[in-house]
Amino acid sequence: MKTKTALITGSTSGIGLAIAHTLAEAGAKVGLHGLMAESEGSALALEFERRYGTKATFSNADLRCATAVGELVDYTKQALGGVDILVNNAGIQYTSRVETFPEQKWDDIIAINLSSAFHTIRAALPFMKNRGWGRIVNIASVHGLVASVNKAAYVTAKHGIVGLTKAVALENVEQGITCNAICPGWVDTPLIAAQIEQYAQQHQLDLQAARHQLITDKQPMPVMTPASSIGQWVLFLCSEFAQTTTGAALPIDGGWTAQ
Ligand code: NAD
């Protein structure tokens, strides 16, 4: 990884932060990104540089804006010398039945969880093609493969990103570029905290019991995947062992989609 540069969207928290740690530990230069104050983000980048002896940058571009997404890729290319590895990870969640789903939430989820990946890939591909090497990893979800109630926008965006993954993979089979999607079940991050609280209130459970029940409602294996495991999957997809793995949607889901 020592010659590689990675841009990981949404890497100030949860899965993205874990992926950034894994890639930086393996020697890659990392472009950190997420909704965080400039001062806090710069401090995080400095912490990465000190800890891993690699170069790190930070951007808080808002992925709801297509222009900002293009600028994020350009900034990373300029500051770090390229984008060899692109991890589209940033995402948000909102739960409601379709008929009460706020239009703005729909637009935001489609923009952040789906369209931003189109914009980053579009901006990063010319560099990867020039180098004859590239790795694109889209963090989708089991909801890219199956649906659940109350998650119409999320399920739509995640199915979309699995489709985008396949299209980009096929367009680049002769370029040394792979594009894959990782489809996690439950991963212990701030994204699901609100869902656990909501479930606890609805079913009058304490948070521990709500957490267990929420997991096992869908996922046969009653444990959440650690965010660090997703980091290791990304690292594997960036390795030479995975050079023919492309267009895949890999479920890391405790058996959720095996049912
Ligand atoms: P998280 O809430 O911990 O992190 C989300 C990241 O996205 C943060 O860095 C945040 O700043 C960034 N972000 C949010 N809105 C943004 C915006 N408008 N512009 C720029 N950045 C923005 O979430 P997480 O659980 O680590 O989720 C990461 C990805 O993994 C998401 O795509 C999510 O859908 C997916 N995922 C999560 C789980 C899970 O159980 N946690 C399961 C399957 C898939």
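Every number for a ligand or one of its atoms is a count from 1 in the order of the listing. FYI, side chains are in, hydrogens and waters are out, and symmetry mates aren't considered; it's all heavy atoms of this structure. By convention here, the first residue in the shown sequence is residue 1.
Inspection of the Asp108 and Tyr94 side chains reveals no N or O donor paired with an N or O acceptor under 3.5 Å. Side-chain contact check for Asn88 and Thr9: no donor-acceptor pair (N or O, by modelled atom type) lies under 3.5 Å. Donor-acceptor pairing under 3.5 Å is lacking for the side chains of Thr12 and His33. Side-chain atoms of Thr100 and Ser96 form a donor-acceptor pair, as typed in the model, at a separation below 3.5 Å. A donor-acceptor contact closer than 3.5 angstrom links the side chains of Thr95 and Gln198. Gln78 and Asp74 share no donor-acceptor pair across their side chains, judged by distance under 3.5 Å alone.
Under a 4.0 Å criterion applied to the non-hydrogen atoms of Ile192, ligand 1 contributes the atoms 39 (C), 40 (O), 41 (N). Per-residue contacts place Ala61 under 4.0 angstrom from the following atoms of ligand 1 (heavy atoms of the residue considered): 19 (N), 20 (C).
Under a 4.0 Å N-O distance rule, the pair Asp84/Arg135 does not qualify as a salt bridge. Ion pairing between Arg211 and Asp188 holds under the 4.0 Å rule for side-chain N and carboxylate O.
Here's the thing with Asn113: none of its N/O atoms is less than 3.5 angstrom from an N/O atom of ligand 1.
Nearest protein heavy-atom neighbour of atom 37 (C) of ligand 1: Ile15 CD1, 3.6 Å. From the protein, the heavy atom lying nearest to atom 31 (C) of ligand 1 is Asn89 O, 3.1 Å. Atom 5 (C) of ligand 1 has its closest protein heavy atom at Gly91 O, 3.7 Å. Closest to atom 40 (O) of ligand 1, if we only count protein heavy atoms, is Val187 N, 2.8 Å. Protein heavy atom nearest atom 12 (C) of ligand 1, with residue, atom name and distance: Gly10 CA, 3.8 Å. Of the protein's heavy atoms, Asp62 OD1, 3.0 Å lies nearest to atom 18 (N) of ligand 1. In terms of protein heavy atoms, atom 21 (N) of ligand 1 is closest to His33 CE1, 3.5 Å. Nearest protein heavy-atom contact of atom 36 (N) of ligand 1 is Tyr154 OH, 3.5 Å.
Counting heavy atoms closer than 4.0 Å to ligand 1, residue Met36 contributes nothing at all. Proximity of Ile92 to ligand 1, defined as any heavy-atom pair under 4.0 Å, is confined to the side chain (atoms from C-beta onward).
Ligand 1 has no atom lying under 4.0 Å from any heavy atom of Gln93. Close to ligand 1: Gly185, with a non-hydrogen atom less than 4.0 angstrom away.
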> What's the verdict on side-chain hydrogen bond (donor to acceptor under 3.5 Å, both in side chains) for Lys151 and Gln195, showing C-alpha distance, side-chain angles and the deciding distance?
Replying inline: CA-CA 11 Å; Lys151 295 185 176 176; Gln195 289 178 67; 2.9 Å; yes

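Pairs of residues two or more places apart, or lying in two chains, that qualify as side chain to side chain donor-acceptor pair (under 3.5 Å) and include a residue from residues 245-259 are Asp253-Thr257.
Taking each of Ala140, Pro184, Ser141 in turn, the one with a heavy atom nearest to atom 35 (C) of ligand 1 proves to be Ala140.
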